[in-house]
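Both backbone and side-chain heavy atoms feed into the values below; hydrogens, waters and symmetry mates do not. Lettering follows sequence order; numbering is per chain, from 1.
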Amino acid sequence: MIDLKTIKSLIKMMVDHDLTEVDLEDQGEKVRIRRGGGGQPVAHHAAPPVAPAPVAVPAPSSAQPAVPEADEGLVPVPSPMVGTYYASPSPDAAPFVKVGQTIEPGQVVCIIEAMKVFNEIKSEIGGVVEKILVSNGQGVEFGQALIMVRP
Amino acid sequence: MIDLKTIKSLIKMMVDHDLTEVDLEDQGEKVRIRRGGGGQPVAHHAAPPVAPAPVAVPAPSSAQPAVPEADEGLVPVPSPMVGTYYASPSPDAAPFVKVGQTIEPGQVVCIIEAMKVFNEIKSEIGGVVEKILVSNGQGVEFGQALIMVRP
Amino acid sequence: MFNRILIANRGEIAVRIIRAAREMGIETVAVYSTADRDSLHTRMADHAICIGPPAASESYLNIPAIISAAEVANVQAIHPGYGFLAENSHFADICRSCNIEFIGPSVDAMRKLGDKVSCREIALAGKVPTSPGSKGKIENEEQALKIAREIGYPVMIKAAAGGGGRGMRIAQNDISLRSGLSSAMAEAKGAFGDSTVYVEKYISNARHIEVQIFGDQEGNVLHLFERDCTMQRRHQKLIEESPSPVLDDESRKRVCQSAVRLARAAGYFSAGTVEFLMGEDKQFYLMEVNTRLQVEHPVTEMVTGLDLVKMQIRVAAGLPLDITQKQITQRGHAIEARINAEDPANRFAPSPGTIQRWELPGGPGVRVDTHCTAGYRVPPNYDSMIAKLIVHQPTREEAITTMQRALSEFRIEPIKTTVPLQQDIMRNADFRQSNVHIHFVEKNMGIG
Amino acid sequence: MFNRILIANRGEIAVRIIRAAREMGIETVAVYSTADRDSLHTRMADHAICIGPPAASESYLNIPAIISAAEVANVQAIHPGYGFLAENSHFADICRSCNIEFIGPSVDAMRKLGDKVSCREIALAGKVPTSPGSKGKIENEEQALKIAREIGYPVMIKAAAGGGGRGMRIAQNDISLRSGLSSAMAEAKGAFGDSTVYVEKYISNARHIEVQIFGDQEGNVLHLFERDCTMQRRHQKLIEESPSPVLDDESRKRVCQSAVRLARAAGYFSAGTVEFLMGEDKQFYLMEVNTRLQVEHPVTEMVTGLDLVKMQIRVAAGLPLDITQKQITQRGHAIEARINAEDPANRFAPSPGTIQRWELPGGPGVRVDTHCTAGYRVPPNYDSMIAKLIVHQPTREEAITTMQRALSEFRIEPIKTTVPLQQDIMRNADFRQSNVHIHFVEKNMGIG
């Protein structure tokens with residue numbers, strides 16, 4: 001709950017420390033307070049997404065959000081198609097990429113099999129592979145994040 | 001719930017910290033408080049009306065809002081029952097009240113006939129009759145404003 | 001035919017009546033309390049008149065206000081819906097004395113069948129099956145004890161003016177009969193202003209079977225077959241269906257004809273319901289007659305293809321019934337679930353408030369009767385029913401499946417509703433096998 | 001029976017199929033484009049798989065993506081709905097070669113009846129009434145001119161692969177035939193990748209009468225009577241009803257049996273529709289066959305009491321039809337109105353956007369099939385239909401009255417819809433007297 005007391009303390013903190021903006025989010029409630037150039041904070045307090053407006057629908061089992069954790073500064077490599085994910089070119093080969101590995105733009109990161117065709121999936125960006133989000137043989141959908149890269 | 005206490009505290013905070021504007025939204029209720037260039041804070045308190053929330057329904061023909069123009073500083077004398085309005089005690093008698101007339105609290109302002117019973121309707125307030133909103137023989141509903149008085 | 005009628009009710013039944021009238025080309029006048037200013041019945045009607053503050057006693061039960069509204073709006077008839085003034089013969093009498101037709105039975109028939117003691121007397125005379133018990137009202141404790149010993153315990157003490165379980169007691173022996181008698185009389189006095197009670201044999205493990213009857217002012221009386229309302233909680237119906245899954249053709253015919261006999265004996269016209277208990281012995285025992293339209297009338301409409309509200313209006317206007325008993329058939333199976341704004345997880349506490357999300361089930365075999373919309377505030381002042389979900393399919397098994405599918409599509413937020421309870425019932429093996437009785441929900445589903 | 005099926009579609013028909021499957025105890029897998037992430041079919045299905053970006057060519061028409069999704073989800077069958085891939089025999093072929101059943105007819109029957117030229121050939125052989133014209137496709141201009149002079153102007157040029165009015169021209173004389181021929185071929189080439197056209201007599205002031213047929217894999221073929229879809233705007237159906245108000249029993253029997261003959265000749269199974277024009281001479285002329293479920297199938301469901309989607313699934317699983325022709329009867333009258341997100345006051349411009357207020361009609365005789373809810377954003381990428389409103393009553397007159405009542409209850413804001421147009425049609429005296437033809441809306445109601 002964001003109540004008056006919370007807002008009060010926030011404003012005090014802002015004045016004390018000469019902050020210009022504070023965003024606070026708590027269980028769907030939001031407060032934004034700004035102190036502009038002239039030192040005037042403005043508080044925006046938004047309650048949970050108003051009523052029958054499009055709410056966040058609980059994603060069905062396989063319909064995962066494309067980008068699970070966008071806020072960490074990581075960039076996803078999404079699947080360009082529906083199909084089955086393979087981490088390596090053949091069952092006994094080494095995987096295309098591992099966590100911690102540095103990849104170049106255009107480097108193949110996995111294979112997606114769709115209708116008996118094995119498609120090499122290339123990363124559009126370069127960076128360090130921080131996470132591999134799918135496991136070998138798993139079905140993936142269009143736009144689903146496969147691996148997360150720190151550019 | 002945004003209540004008077006909350007608004008009061010907000011205004012105090014604004015004055016104390018020299019804020020010029022506060023927006024607060026809570027479960028469909030909204031408050032915006034502005035402090036103009038050194039003037040006094042003005043509070044706008046708006047209940048829900050946002051999109052699919054209960055909208056202002058076009059009133060059916062006879063379902064008029066009880067108080068048509070509350071913002072003029074006039075006070076309505078509402079009908080305490082459904083029935084037929086009569087401005088005078090008998091067809092050839094003078095009306096109980098006229099526009100411009102000063103009335104006392106408790107003074108009879110009209111008759112409402114309901115089920116063959118003629119009920120004298122008394123004003124709870126005193127003041128000058130500014131408007132008579134219904135005409136002789138008209139049907140009125142519960143809570144409908146009959147006359148407007150400037151206290 | 002009438003040009004304009006007033007609906008002396010609110011909620012889904014007011015909406016239902018407006019729909020029927022609109023399709024008949026009849027103008028509608030709604031009345032509403034200040035709590036219902038933005039309600040669907042208020043904005044759907046051609047005219048709407050505020051009749052008082054939220055308390056029902058000052059609005060929907062306020063006879064002078066409603067009659068005044070009818071006079072101001074110059075209507076020719078009043079439909080009382082169900083509840084409120086629907087079974088108030090005094091109100092029907094006033095309507096007619098003001099030259100406004102009351103869309104319902106005659107005052108005489110309402111009184112004869114509405115009072116349980118006189119209803120029982122008519123039933124006995126007409127060989128309508130009743131449970132053994134007092135011929136009429138109980139005059140004193142000694143008489144009650146004598147009857148109870150004759151018919152054998154357990155016995156039921158019932159209020160003559162009763163309904164919804166009030167003024168009702170089960171007595172297992174002389175002692176509980178004595179105490180039950182005085183408490184039932186006190187409760188009946190408080191609830192109905194009439195302390196008259198009677199005593200009859202208690203039917204255990206009973207099913208609730210009721211027959212829809214319909215008469216016109218020329219003396220024709222038909223039945224529209226039965227409804228089975230055995231799934232109840234504390235005498236409040238939860239699920240109603242038609243046909244009853246436990247009747248064979250012979251017993252169906254028997255109970256329906258009994259109901260018609262009773263209605264004929266009372267000179268009944270308009271819609272009415274004769275309620276029976278069916279014992280483990282498969283015998284029927286008259287319970288009471290509801291001299292009005294019933295909440296669950298849609299299941300009868302689905303299987304017969306008839307529109308009961310339009311029929312009521314036509315009969316009230318003096319038209320004869322335009323169908324014969326032979327033309328009325330049961331086609332398929334219909335089930336109704338009452339959706340209440342109550343929290344089944346919290347002892348069915350009322351859950352009024354503003355509905356933010358309101359998504360209705362749809363598609364084949366689904367009918368929804370409701371007065372609610374997104375943004376509607378369920379007022380705490382009235383009955384908690386917010387919707388009736390009715391399904392119709394060729395077989396009972398398919399109807400249950402469609403009901404499950406439709407219940408799963410209902411999305412109501414943030415208020416709590418009885419949808420989860422209805423889902424539990426649809427899943428219940430005994431319900432599916434029709435192996436239930438009127439106390440099944442409390443006793444076997446652990447819901448008190 | 002299947003345990004799990006995939007629905008290769010979106011919108012109301014995907015919801016319709018999910019409802020049928022759920023009632024049959026079959027798990028459903030939805031596929032969706034990124035524009036439909038929050039759509040009702042996506043959240044109603046047991047599983048949902050994103051198959052591509054908003055453009056239909058990259059999602060709902062993307063065969064590899066859909067087959068991959070079916071393999072990933074391990075389904076036993078795919079229901080194509082209508083539109084998109086529903087009449088794509090290549091898709092049906094791929095499904096079956098991947099060991100996934102295609103819920104629809106055989107590839108052979110789809111090809112034979114889907115191509116208008118070969119369909120016409122089968123019809124001629126089976127004495128199914130066709131309009132005079134070319135035996136098969138037009139090889140050159142001279143042949144077209146020769147045929148036109150034989151049968152007499154006006155004539156119709158039609159694309160073999162056509163539909164929805166595309167690749168269609170009316171020619172009044174040799175000159176307009178010449179120009180029409182080349183422009184129709186160019187349009188057909190662009191729209192369907194096939195420039196084949198044929199020529200037939202133009203039927204003026206025609207009504208659109210179509211017959212619902214249904215076959216199983218054992219060779220049984222039944223008809224479920226006719227639908228009348230004469231109310232159209234630019235070849236897009238606006239109102240569909242069953243029975244047709246202008247057929248007598250004899251002509252009904254004749255046209256229905258013709259349709260069954262055609263289906264039998266093609267070895268047809270699953271649901272299909274044989275579309276005819278009925279001329280002022282009351283004769284029928286075959287127009288085309290739709291080898292799939294139709295948008296307007298609910299009116300047939302209402303009058304026959306059958307569930308066409310469940311029947312399709314059962315037949316696809318190899319089960320025989322469990323009804324005979326004799327058991328199928330027409331009961332009452334049903335009308336469907338298509339509600340599109342288009343602005344009738346602004347040349348039917350699409351009106352996509354977020355729906356804020358969405359209140360559905362309800363009560364007796366009303367069925368709504370929709371994928372929309374309050375808060376739903378109608379995407380600009382697909383068909384503009386947002387709901388189908390279906391009513392069912394004992395008579396056509398009552399059905400029209402209920403449709404008017406139900407249309408007046410629809411509240412959709414802020415997007416524009418065709419509700420006002422549908423209301424105009426219901427009020428129209430010629431429509432009410434069934435005195436209309438397929439160009440009536442454009443010509444007589446001033447709506448181009």
Item to check | Region of D/I66 in contact with chain A, defined by heavy-atom distances below 4.5 Å | outcome: neither
Checklist entry - So with a 6.0 Å cut-off around CG of D/N346, is the heavy-atom count from everything else above 12? => result yes
Next on the checklist: Taking side chain as everything from C-beta outward and backbone as N, CA, C, O, which of these in D/S59 sits under 4.5 Å from a heavy atom of chain A? Side chain, backbone, both or neither.
Outcome noted: neither
Checklist outcome for this item: Ranked by heavy-atom pairs below 4.5 Å to chain A, first place among D/P53, D/A30, D/A65, D/S33 goes to D/P53
Checklist entry - With chain A, which of D/I63, D/V29, D/V72 has the greatest number of heavy-atom pairs at distances under 4.5 Å? => result D/V72
Next on the checklist: Run the side chain to side chain contact (heavy atoms under 4.5 Å, CB included) test on A/K116 and D/E71 for me, step by step, so that the C-alpha distance in whole Å, both residues' side-chain angles and the decisive distance to 0.1 Å come before the verdict.
Outcome noted: CA-CA 10 Å; A/K116 316 297 168 209; D/E71 288 181 334; 3.7 Å; yes
Checklist outcome for this item: What one should report as the nearest heavy-atom pair of D/I51 and A/F142 is C-CB, 3.4 Å
Checklist entry - What are the two closest heavy atoms between A/V82 and D/C50, and how far apart are they? => result CG2-O, 3.3 Å
Next on the checklist: Nearest 0.5 Å, please: how far is SG in D/C98 from CE in A/M115?
Outcome noted: 5.0 Å
Checklist entry - Counting only heavy atoms not in D/K310, do more than 12 fall under 6.0 Å of its NZ? => result yes
